[in-house]
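Working notes for the structure below.
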Amino acid sequence: MAWSSLKALRENPDLLRDSLKKRYKPTKLVDRALELDIRWREAITRINKLRERRNEINKEIPKSKNEEREKLIDESKGLGIKIKNLENTMKTLSEERDRILASLPSIIHESVPEGPDETYNVPIRFWGIPKVLRSKLDKFREETKGFDVEHMILDWEPKGHADQLEIILRQGDTIKAADLSGKRFFYLFKDIVWLEHALIMFALDHITSKGFIPVIPPYMLRRKYYLGVTDLETFEDSIYKIEGEDLYLIATSEHPLIAMHAGDTFREEELPRLYVGVSPCFRKEAGTHGKDTKGIFRVHQFNKVEQVVYSKPEESWEWHERLIKNAEELYQALEIPYRIVNIAAGDLGAPAAKKYDLEAWFPAQGRYRELVSCSNCVDWQSYRLRIKLDRKGRREFVHTLNSTALATTRTICAILENHQREDGTVKIPKILRKYLKIFEAAPKEEIIPLKEKPLKE
RNA sequence: GCCGGGGUGCCCUAGCCCGGUAGGGGGCUGGCCUGGAGAGCCAGUGGCCCAUUGGGCCGCGAGGGUUCGAAUCCCUCCCCCGGCGCCA
């Protein structure tokens, strides 16, 4: 064990306690870990003394003979038993201590708003001119409180993304998918397939142009690496296991992109390290029953382009801002109005010290919904996976950050609502044209409702 | 999946058969030397514990076992290389 949590535990346990309080989590564990650590240190000191003595004896054994030799061997055996016993107590102590340390969340950043849940999230900026239904004006004012957001009143009622996809455009089918695979699965057809591919290419193109290295990662990880990258709670609520094997389907390419450097030591000039992952994401969505049951907003499987940064500790907050800006550029280009929200302490996952969400405006729902999540995990992941920074003899842990660039299904939902016209067609954002024109069968300007479904009705 | 060979510190490599202080080279960092650089020479270059200088323990892919003592012997697993098989 080294550094960060352990160091904080020994040198400044109040730092851990305060952070836990802000997250509305109990602080008892800190005291327990502190006590275990003290006892562990006593035990290891005693063991080291015994081991030293045994090593001395063992050195004498080859030089001695007959009775003296027998005597030494006996003494060494006796020490061996004592050592083994102490090692067992020590192991028990360190295991419990480490289990507690591993369960402790990141120490939150001072700019994170306090509060127990998402109602305490703080919007920090708005972009675009949202289309607001007259009937949803109150909700809009509530969601933009404190900001004077320029908006446009809609006099016709746009369809929700789910109905737009399945009933109007007839290019998606979650009913059929539910028969075969269950709820939260989907078929997408025709223009939506081209749209999906264009979105991925656009996001990849934009992010790689900023120096990010594109990566297709493994879609499964071993448990050991999975727990290096996320906390148990998330793990259990969202990760699918491969039966009979120590393998888990990834919930985001962030996970294999971070585990990729487990055990590595970066030299200072090798940082920052920028990656952009493209992969499917698999999520159980346990505990979300009843939420977003229609359409493809919340599904078990989707494709995502993801930004990942390894940075020097002192530069990570700057990178956090840059990552969210990169994501914003994508949604500005797609002409989707959005707001950036600073997530409250109580709503933060364990790895993150601070998180921004980018939430797109959904006219039919009259609310902003999460499309992007951008976190600074500081040294939480790097500590567990031993990803270090070599600083002239001193060792530090790098900081890791991740941010969605673009998740296809949710972005499609946002396009279907925001670019919907009264006649049921959907305007395709201009930025996507160059990624569509290479395909003969792809739509270029707009998506038009099909006369009949691709599937039997 | 089967057979064979391998995994040693940041990198390469010796040691393994036959158990007894992990050796050499390269790189990097610092120092000496130099007008400056290079060469050369010296030292440092994994983790942990105690401590004032300093001392000690652990560490040879991972975990277990045998032994007074394991890089070395035994078992299980992971990964890499070669061959065979299967396969989009």
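Chain identifiers are assigned alphabetically (A, B, ...) following the order of the sequence lines, protein sequences preceding nucleic acid strands; residue numbering begins at 1 within each chain. Only this structure's heavy atoms are used, side chains among them; waters, hydrogens and symmetry mates stay out.
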Go through [options] for me and flag the one nearest to the [X] side chain.
X	options	result
A:Arg222	B:G20, B:C48, B:C79	B:C79
A:Glu52	B:C68, B:G47, B:C57	B:C57
A:Arg54	B:C49, B:C58, B:G20	B:C58
A:Ile44	B:C57, B:C68, B:C48	B:C48

OP1 or OP2 of [N] under 4.0 Å from side-chain N/O of [X]:
X	N	answer
A:Asn55	B:C68	no
A:Arg97	B:C48	no
A:Asn48	B:C48	no

(message) Go nucleotide by nucleotide along RNA chain B from the 5' end; which of A:Ile73 and A:Arg51 gets its closest nucleotide reached first?
(response)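 Its nucleotide being nearer the 5' end, the pick is A:Arg51.
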(request) Hey, which sits more toward the 5' end of RNA chain B by its nearest nucleotide, A:Asn58 or A:Glu42? (result)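 Whichever sits nearer the 5' end wins; that is A:Glu42.
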What does [N] pair with, Watson-Crick or G-U, if both distances are under 3.5 Å?
N	answer
B:C16	none
B:A43	B:U29
B:U76	B:A62
B:A71	none
B:U52	none
B:G1	B:C84

In whole Å, what separates the [atom1] atom of [N] from that of [M]?
N	M	atom1	result
B:U21	B:G31	P	36 Å
B:C58	B:G23	P	16 Å
B:C79	B:G63	C1'	15 Å
B:G1	B:A71	P	31 Å
B:A39	B:G30	P	14 Å
B:G9	B:G5	P	22 Å
B:G61	B:C16	C1'	16 Å
B:C84	B:G19	C1'	37 Å

Whole angstrom value for the distance that separates [atom2] of [N] from [atom1] of [X]:
X	N	atom1	atom2	answer
A:Ile47	B:C58	CD1	C1'	11 Å
A:Lys388	B:C10	NZ	P	8 Å
A:Glu95	B:G63	CD	C1'	13 Å
A:Ile57	B:C57	CD1	P	13 Å
A:Trp40	B:C58	CH2	P	14 Å
A:Glu270	B:C11	CD	P	12 Å
A:Met90	B:C58	CE	P	11 Å
A:Ile81	B:U67	CD1	P	11 Å

(request) Determine the interplanar angle of the A:Trp317 and A:His109 rings, folded into 0 to 90°, and report it as parallel if under 30°, tilted if 30 to 60°, perpendicular if over 60°. (result) tilted
(request) Looking at every strand, decide which applies to A:Arg39 at a 4.0 Å heavy-atom threshold: base, sugar-phosphate, or nothing. (result) nothing
(request) Sort out for me which residue in A:Arg54, A:Arg53, A:Arg69 forms a salt bridge (charged side-chain N to carboxylate O under 4.0 Å, His left out) with A:Glu75. (result)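 Testing A:Glu75 for a salt bridge (charged side-chain N to carboxylate O under 4.0 Å, His left out) against A:Arg54, A:Arg53, A:Arg69 leaves exactly one candidate, A:Arg53.
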(request) Using the ring of A:Tyr383 (Phe, Tyr or Trp, six-membered ring only), decide whether A:Arg386 places NZ or CZ under 6.0 Å from its centre and within 45 degrees of its axis. (result)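 Yes, A:Arg386 lies over the aromatic ring of A:Tyr383.
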(message) With side chain to side chain contact (heavy atoms under 4.5 Å, CB included) as the criterion, how do A:Leu401 and A:Ser311 come out once you've worked through the C-alpha distance, each side chain's angles and the decisive distance to 0.1 Å?
(response) CA-CA 8 Å; A:Leu401 302 100; A:Ser311 94; 4.1 Å; yes
(message) Checking A:Tyr226 against A:His255: is there a side-chain donor and acceptor pair closer than 3.5 Å?
(response) yes
(request) Indicate yes or no for a side-chain donor-acceptor contact from A:Arg410 to the backbone of A:Glu370 under 3.5 Å, with no hydrogens or angles considered. (result) yes
(request) Taking the six-membered ring for Trp and the full ring for Phe, Tyr or His, determine whether the centres of A:His261 and A:Phe266 are under 6.0 Å apart. (result)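 Yes, they do, as the ring centres are separated by less than 6.0 Å.
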